[in-house]
Amino acid sequence: MTIMQKLRRPSLIAAALAALAGQAAAEDGYDLWLRYAPEGVAEGVSAPKGLAFACEAPGMLLETAADELSRGMGDLFGEDLMRLDAPAPGALLLASENCSDRFAGELPAEAAVGTEGYVLRAAEGGGALIAARGDAGVLYGAFSLLRRIASGEEMAGLDVTERPGTQLRVLNHWDNLDRTVERGYAGFSLWDWHKLPDYKDPRYTDYARANASIGINGTVLTNVNADATVLTAPYIEKVAALAEVFRPYGLKVYLTARFSAPVEIGGLKTADPLDPEVRAFWSEKADEIYGALPDFGGFLVKANSEGQPGPQDYGRSHAEGANMLAEAVAPHGGVVMWRAFVYAAEEPEDRVKQAYTEFTPLDGQFADNVLVQVKNGPLDFQPREPFHPLFGAMPETPLMLELQITKEYLGFATHLAYLGPLWKEVLAADTYAKGEGSPVRVVVDGSLHDYPLTGMAGVSNIGTDRNWSGSIFDQANWYAFGRLAWNPGASAEAIAKEWLALTFSAGEEFQRTALDMMMGSREAVTDYMTPLGLTHLMATGHHYGPGPWVDDLGRADWTPYYYHRATEEAVGFDRTGSGSDAASQYADPLEERFSDVGTTPEELLLWFHRLPWDHEMESGRTLWEELVVHYDRGVAEVEEMQQQWASLVGKIDEERYEQTADFLAIQRDEAQWWRDASLAYWQSVNGLDLPAGAEPPEHSLEYYQALSFPNAPGH
Ligand code: GCV
């Protein structure tokens with residue numbers, strides 16, 4: 001398309017006029033991947049000639065699909081999409097089970113698409129069919145068609161059948177009712193509780209659209225460190241108002257349930273899950289919520305973890321606690337997502353072993369509408385951990401994978417770290433639950449154990465920042481979460497490419513360079529923060545910056561020292577049979593592999609082993625030398641990202657270019673800080689010189705230890 005042709009499009013003319021008037025829409029990231037820029041469209045792809053439904057009375061989700069298609073096609077082609085009474089050559093036809101009285105033959109087989117999948121097929125004269133069994137499928141199909149066109153796919157021969165790999169694709173907001181966000185680096189909570197239900201910020205609609213466009217179908221509005229107030233009548237009304245905005249986008253609302261709510265807001269003396277009055281409280285509470293929002297999704301619960309109340313306070317098990325809530329929501333079709341992120345207050349054993357120890361005896365005891373939600377690794381969303389051993393050990397309990405989109409441990413919003421490769425590493429990890437070929441992915445999608453319920457949860461990185469996620473590249477992590485929850489088999493690289501094409505619509509050189517930056521970015525963070533299986537070395541509380549020297553907190557397993565145990569002789573945590581034996585929680589041959597220094601992957605070496613500083617590595621270097629190489633490499637990788645980004649100047653808008661360049665400069669300085677502070681500390685313990693050629697830390701250890709950030713965000 002020539003510039004003149006592009007300028008003939010009304011939307012572009014409007015943009016050009018606005019620019020002349022000095023009001024050019026800023027590229028501030030608000031539009032996310034939904035920019036629908038005409039320059040992304042492949043040569044020869046043209047606007048559909050209208051849109052028709054396969055029925056006379058389309059439902060709410062179909063209307064949303066049609067509106068989105070009109071909006072998207074309008075932006076892409078600068079032409080209004082006419083609503084037609086009947087299919088026509090070159091037009092789009094939307095059909096679902098509820099909307100097929102005129103063209104029932106267009107519906108796909110249920111086995112192929114399930115209730116939320118869709119078929120996209122090229123039709124006569126350049127048109128397309130978007131068909132599904134459920135209305136939600138048509139909405140996802142509409143977004144899929146727009147995504148394909150906007151990212152430059154050819155439309156001729158379009159023939160796609162998709163169904164989601166998991167049923168519950170849910171964001172977890174760790175948002176408090178005062179609008180602070182635990183581990184949030186993108187401003188405050190979007191939910192303006194004070195003005196709800198009367199004022200519904202238009203941004204709620206944009207939030208729902210963005211989620212629906214990547215297949216997310218649920219949102220837990222509140223922090224897992226829960227406040228029972230959200231379960232009181234005035235808040236239920238506010239929650240219902242949000243649900244009303246989200247409903248046309250197929251986005252269900254869930255809440256976190258504070259286990260002690262019967263005492264705090266119910267006037268009871270106990271929250272014992274076996275107490276009849278407590279059970280009655282929850283069942284009445286569920287009735288009240290469903291009275292206000294009939295499509296309420298259910299509860300997410302953090303219990304007996306980090307000071308949260310739970311069934312164990314009354315001598316009951318996690319299953320007894322979960323089942324009580326499950327019983328309350330079951331009559332309404334709700335579910336309970338019960339978190340396995342637990343570790344006991346009295347620190348009985350290696351913290352990373354505790355969830356497995358507590359939950360495996362309960363396998364098979366949970367009610368049918370309970371999923372146990374398990375973090376990707378056994379510790380806490382670190383830059384690298386082995387996969388959580390529960391994924392190989394709960395054949396009778398639907399396990400939901402919990403990922404952290406917000407980068408609590410990977411540099412907050414200013415470090416560029418694309419998390420797709422981290423999440424794929426977990427999904428691809430073989431659990432050997434049923435022998436070789438049992439990766440986490442097939443546990444989570446339910447196919448390995450025939451789970452009746454499946455899901456993936458992502459701890460949100462969304463806030464009031466204009467760009468939603470704190471940085472432009474952090475939007476990619478929200479995007480990747482949705483796309484992987486839809487298709488856990490998708491490649492991290494393909495998702496990144498798609499996101500780049502939609503977000504920037506820049507030329508090939510830009511896409512190639514930015515993709516390279518994204519794909520190496522997580523490993524860079526791992527290198528400068530926690531190389532070779534070291535873990536949890538972040539500063540106390542806010543987790544901003546390094547704090548490997550910290551060894552005296554309220555409990556030992558909150559200190560970095562607990563995880564690295566460095567002395568003059570050795571470093572690392574022995575999790576083999578001679579140590580905590582956490583390796584035995586993995587099925588064979590993993591137990592054997594992780595128990596042997598020679599077969600443990602080097603990137604997990606110090607997670608499983610405690611080794612002398614002069615241990616010989618695969619490279620022939622000593623462990624100490626290798627650590628230094630990793631720290632240096634991490635810093636160099638960020639410098640390379642800076643150079644790569646600098647080579648792209650002028651290839652995208654100034655606003656997003658500049659912010660990213662500034663953030664990369666912050667990341668570079670902080671990578672250096674991590675490297676220098678860590679090396680200064682290790683040297684103070686092992687007394688070793690730096691290998692020849694390695695730069696000494698810029699400051700003394702005392703300097704790094706004295707740094708203090710009482711106002712670091714997210715805490
Ligand atoms: C919401 C980590 C985080 C906490 C978080 C907790 C959890 O410990 O630092 O902020 O609490 O995980 O997942 O429950």
Side-chain angles (χ1 to χ4, degrees), residues 170-186 189 219-228 230 254-260 299-310 312 318 321-322 337-345 347 351-352 354-355 358-359 371-383 385 388 390 399-413 419 426 456-463 481 529-530 535-545 547 550 553-560 562-563 709 712-715:
V170 179
L171 285 183
N172 287 186
H173 286 268
W174 287 356
D175 292 16
N176 300 313
L177 300 183
D178 64 2
R179 300 192 75 180
T180 54
V181 180
E182 184 156 348
R183 312 310 177 184
Y185 313 105
S189 170
T219 177
V220 184
L221 299 175
T222 45
N223 192 349
V224 287
N225 290 330
D227 184 337
V230 79
Y254 300 76
L255 292 173
T256 46
R258 183 158 165 89
F259 204 79
S260 50
F299 293 122
L300 168 66
V301 188
K302 172 175 177 178
N304 292 120
S305 167
E306 300 187 327
Q308 294 300 306
Q312 292 176 339
H318 282 286
M337 298 169 286
W338 190 268
R339 294 176 89 226
F341 177 70
V342 299
Y343 53 100
E347 301 173 48
R351 176 170 151 189
V352 310
Q354 292 179 36
E358 285 205 35
F359 277 83
L371 299 104
V372 170
Q373 183 169 306
V374 183
K375 289 189 181 181
N376 57 273
L379 182 53
D380 192 10
F381 299 136
Q382 297 298 300
E385 299 183 33
H388 202 304
L390 274 176
L399 296 184
M400 196 164 169
L401 172 62
E402 179 176 322
L403 302 171
Q404 193 178 44
I405 309 173
T406 189
K407 304 205 311 297
E408 173 181 358
Y409 296 106
L410 285 104
F412 297 5
L419 302 179
V426 177
M456 270 169 67
V459 180
S460 153
N461 66 353
I462 300 163
F481 167 74
M529 286 189 186
T530 53
T535 199
H536 216 303
L537 302 179
M538 294 76 191
T540 305
H542 48 61
H543 299 152
Y544 173 60
V550 177
L553 298 176
R555 43 187 299 163
D557 58 6
W558 282 349
T559 68
Y562 175 91
Y563 296 100
F709 304 93
H715 185 215

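As the structure lists them, so they are numbered: ligands from 1, and atoms in each ligand from 1. Computed from a predicted model, the values in this text were never measured in an experiment. Note: hydrogens, waters and symmetry copies are ignored here, and every other heavy atom, side chains too, is used.
- Ligand-side atoms of ligand 1 in range of V224: 1 (C), 14 (O), range being under 4.0 angstrom from any heavy atom.
- F259 and W338 have perpendicular rings, their planes meeting at more than 60° on a 0 to 90° scale where under 30° would count as parallel.
- Close approach to Y409 involves these atoms of ligand 1, each under 4.0 Å from a residue heavy atom: 9 (O).
- Annotation: atom 2 (C) of ligand 1 to nearest protein heavy atom, D380 OD2, 2.8 Å.
- Residue Y343 does not touch ligand 1, judged by heavy-atom distances below 4.0 Å.
- Every N/O-N/O distance between W174 and ligand 1 stays at or above 3.5 Å.
- Note: F412 and H543 fail the aromatic proximity criterion, with ring centroids not under 6.0 Å apart.
- The atoms of ligand 1 that sit less than 4.0 Å from any heavy atom of H543 are 9 (O).
- Each of the atoms 1 (C), 4 (C), 5 (C), 10 (O), 11 (O) of ligand 1 lies under 4.0 Å from some heavy atom of E182.
- Under a 4.0 Å heavy-atom criterion, Q404 is not in contact with ligand 1.
- Of the possible polar contacts, one joining the N304 side chain to the Q312 backbone as a donor-acceptor pair under 3.5 Å is found.
- Between atom CD of residue Q373 and atom CD of residue E402 there is a gap of 4.0 Å, rounded to the nearest 0.5 Å.
- Heavy-atom minimum distance, A303 versus G310: CB-CA, 3.8 Å.
- Note on ligand 1: Q308 sits outside its first shell, no heavy atom being nearer than 4.0 Å.
- Close contacts of ligand 1 with E408, meaning ligand atoms under 4.0 Å from a residue heavy atom, involve 3 (C), 9 (O).
- Taking atom 12 (O) of ligand 1 as the reference point, the nearest protein heavy-atom neighbour is K375 NZ, 3.1 Å.
- Between H536 and Q382, the closest heavy-atom pair is N-OE1, 2.8 Å.
- From the protein, the heavy atom lying nearest to atom 6 (C) of ligand 1 is E306 OE1, 3.3 Å.
- Remark: minimum distance from atom 14 (O) of ligand 1 to any protein heavy atom is reached at K302 NZ, 2.6 Å.
- Residue contact check: R183 has heavy atoms under 4.0 Å from atoms 3 (C), 4 (C), 9 (O), 10 (O) of ligand 1.
- No side-chain donor-acceptor contact under 3.5 Å links S460 to the backbone of L171.
- Two residues are said to be in side-chain contact when any heavy atoms from C-beta on lie closer than 4.5 Å; M529 and L537 fail this criterion.
- When atom types are taken as modelled, the side chain of H173 and the backbone of D175 share no donor-acceptor pair closer than 3.5 angstrom.
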